[in-house]
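Every number for a ligand or one of its atoms is a count from 1 in the order of the listing.
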Amino acid sequence: MSTYSRLPVTFERGEGAWLWDNTGKKYLDAISGVAVCGLGHAHPAVADAVCRQVRTLVHTSNLYGIAKQQQLGERLTALAGMEKAFFCNSGAEANEAAIKLARLYGHKKGIALPTVVVAEGSFHGRTLATLSATGNRKVQAGFEPLVRGFLRVAYNDLEALHNIAKNSAEVVAVLLEPVQGEGGVNIPNDDYLAGVRALCDQHGWLMMLDEVQTGMGRTGRWFGFQHSDVAPDVITLAKGLANGVPIGACLARGAAAETFKPGNHASTFGGNPLACSAALAVIDTIENHRLTERAAVLGARIAEQLRARLQHGASAHGKLVNEIRNRGLMIGIELDRPCGELVGKALEHGLLINVTAERVIRLLPPLILSDAEADQIVDGVVELVTSLVSGERI
Ligand SMILES: *Cc1c(COP(=O)(O)O)cnc(C)c1O
């Protein structure tokens, strides 16, 4: 179906940060399949784990015990300071699990119409509940009636949350991204998540963080919330979790971890041995190669170089670059004008980038990037942005 407007390229193979198309042309991947292939393409540790698992056991269903799922649950909950895990197959499904958990948690407290607070500019997925939670009209238009039970507030605005607390007794949880990805790489103030945590404690709300894009080392820590001194009640994961093998997870602690009982939620494929073995290999590789620290260093290197080369005063054509934001390897270059055309231009030049929220060039390169590859991405982006004002065909 025509669900995508695809770029005119088809890739045949990949290695590390590089992809080759079906004519043999080579591309530097600064988007990683949208924050999925954090270890780059064809990573040997993941490939070996997957091959070994395929030859042993792919799927048995959750009717039975699954050792690899148990191991993965233990690794993830330890890394995130959580207690229990539910596994599914995508980010939207992970958020569906969190939303269902919040509603059940509310009903158990006697709240008849449990409401989840969500943010403007957020993205949580394309299923009916998650598109209803998403703060982007374009995602919702045409799919009404939306799922009820969401209340929207401005992102990074504690005052707005205070007002909700005063005016609605039905709130059971907040669902937020630690850094908004699709919304334009929006990084909240340093005290925001701690403020959210305090309000959640005060009112008995669950603090649920959508870490689908920010998780698994992307931001320079294992999880985006770890840049703040907070412990959420629920986090959701997917994208980078198994380097491209479909998987999602909803982790919880405390009362939230005890909410689901047998029969409340399920997934046929969720947490099968294949997906879990890939995720375990990802965790081992990030740990063994200290890739969270590496993501922080690389992100700073790229952002500093971009700032030095792109933000030296206004050009004759206007400001051009409004702001360069990054948390680890989640990088946004906000321009003063729409810049969607740069994606195709970059492709012609063998560089894969993304533009989101119309004016924000988004870079989500793999964590295994070399310094030289990082510098090559910077060169490419500087050339592209500069071409917008010089009007030259680069
Ligand atoms: C990509 C994304 C999702 C949706 O994940 P899917 O696997 O496409 O369902 C949800 N939340 C965030 C923050 C995302 O970036």
Side-chain angles (χ1 to χ4, degrees), residues 1 3-4 6 31-38 80 86-102 116-136 138-140 143 147 150 152 155-156 173-188 192-193 196 207-219 222-225 227 232 234-251 267 269-271 275 278-279 282 325 327-332 354-357 360 362-365:
M1 298 189 189
T3 45
Y4 306 100
R6 298 175 195 275
I31 195 68
S32 311
V34 197
V36 168
C37 300
F86 171 81
F87 290 100
C88 49
N89 316 285
S90 66
E93 275 177 88
N95 288 330
E96 284 275 346
I99 293 162
K100 282 183 67 176
L101 188 158
V116 177
V117 179
V118 291
E120 286 165 13
S122 64
F123 183 79
H124 298 296
R126 299 287 196 149
T127 62
L128 277 172
T130 58
L131 76 81
S132 301
T134 291
N136 178 350
K138 279 190 199 152
V139 171
Q140 300 172 336
F143 300 107
V147 172
F150 295 103
R152 196 165 304 287
Y155 187 63
N156 194 21
V174 297
L175 174 63
L176 297 166
E177 295 155 89
V179 174
Q180 288 187 333
E182 307 302 303
V185 191
N186 302 320
I187 303 172
Y192 181 59
L193 290 185
V196 172
M207 180 179 184
M208 310 201 298
L209 296 179
D210 179 344
E211 294 258 11
V212 168
Q213 190 163 149
T214 49
M216 304 312 291
R218 170 62 48 193
T219 68
W222 275 99
F223 307 103
F225 78 81
H227 293 271
V234 174
I235 69 169
T236 56
L237 299 173
K239 290 196 167 91
L241 181 49
N243 215 51
V245 178
I247 189 170
C250 177
L251 312 181
S267 166
F269 292 131
V282 168
R325 302 185 279 271
R327 183 146 280 169
L329 284 174
M330 207 167 164
I331 303 162
N354 173 254
V355 167
T356 190
V360 181
R362 181 172 50 158
L363 307 177
L364 298 162

> Among residues at least two apart in sequence or on other chains, which ones pass side-chain hydrogen bond (donor to acceptor under 3.5 Å, both in side chains) with N89?
E93, S267
> N/O of Q213 under 3.5 Å from N/O of ligand 1, yes or no?
yes
> Could you tell me whether atom 15 (O) of ligand 1 has at least one protein heavy atom nearer than 4.0 Å?
yes
> Only one of V118, V117, T130, V234 passes side chain to side chain contact (heavy atoms under 4.5 Å, CB included) with L175; say which it is.
V118
> Who's the nearest protein heavy-atom neighbour of atom 2 (C) of ligand 1, and how far?
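Ranking protein heavy atoms by distance from atom 2 (C) of ligand 1, first comes K239 NZ, 2.4 Å.
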> Select the closest option to atom 4 (C) of ligand 1 among A92, C88, P246, A133, judged by heavy-atom distance.
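Looking at heavy atoms only, the winner is A92.
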> To which protein heavy atom is atom 6 (P) of ligand 1 closest, and what is the distance rounded to 0.1 Å?
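Answer, as residue, atom name and distance: G91 N, 3.5 Å.
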> Heavy-atom distance under 4.5 Å between the side chains of N156 and Q180, does that happen here?
no
> Which atoms of ligand 1 have any heavy atom of N95 under 4.0 Å away?
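Reading through ligand 1 atom by atom, the close ones are 10 (C), 11 (N).
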> From E211 CD over to L176 CG, what is the distance, rounded to the nearest 0.5 angstrom?
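Between atom CD of E211 and atom CG of L176 there are 11.0 Å.
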> For ligand 1, is any non-hydrogen atom under 4.0 Å from T214's backbone (N, CA, C, O), its side chain (CB onward), both, or neither?
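Neither; no heavy atom under 4.0 Å.
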> In ligand 1, which numbered atoms sit nearer than 4.0 Å to a non-hydrogen atom of S90?
7 (O), 9 (O)
> Geometry only, no angles: is E177 polar-contacting ligand 1 at N/O separations under 3.5 Å?
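Between E177 and ligand 1 (N or O atoms, distance only) the closest approach is not under 3.5 Å.
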> Considering heavy atoms of the protein only, find what lies nearest to atom 11 (N) of ligand 1 and give residue, atom and distance to 0.1 Å.
D210 OD2, 2.7 Å
> Does G125, backbone or side chain, put an N or O under 3.5 Å from an N or O of ligand 1?
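Among all N and O atoms of G125, none is under 3.5 Å from an N or O of ligand 1.
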> Taking all atoms of both residues into account, what is the closest heavy-atom pair of Y192 and P188, and its distance?
CD2-CB, 3.5 Å
> Counting only heavy atoms not in F150 (residues, nucleotides, ligands), do more than 12 fall under 6.0 Å from its CZ?
yes
> Might you work through the side chain to side chain contact (heavy atoms under 4.5 Å, CB included) test for Q213 and L364, ending with a clear yes or no?
CA-CA 10 Å; Q213 190 163 149; L364 298 162; 3.7 Å; yes
> Sequence neighbours left out, what pairs pass salt bridge (charged side-chain N to carboxylate O under 4.0 Å, His left out) with at least one residue falling in residues 174-185?
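Found E182-R362.
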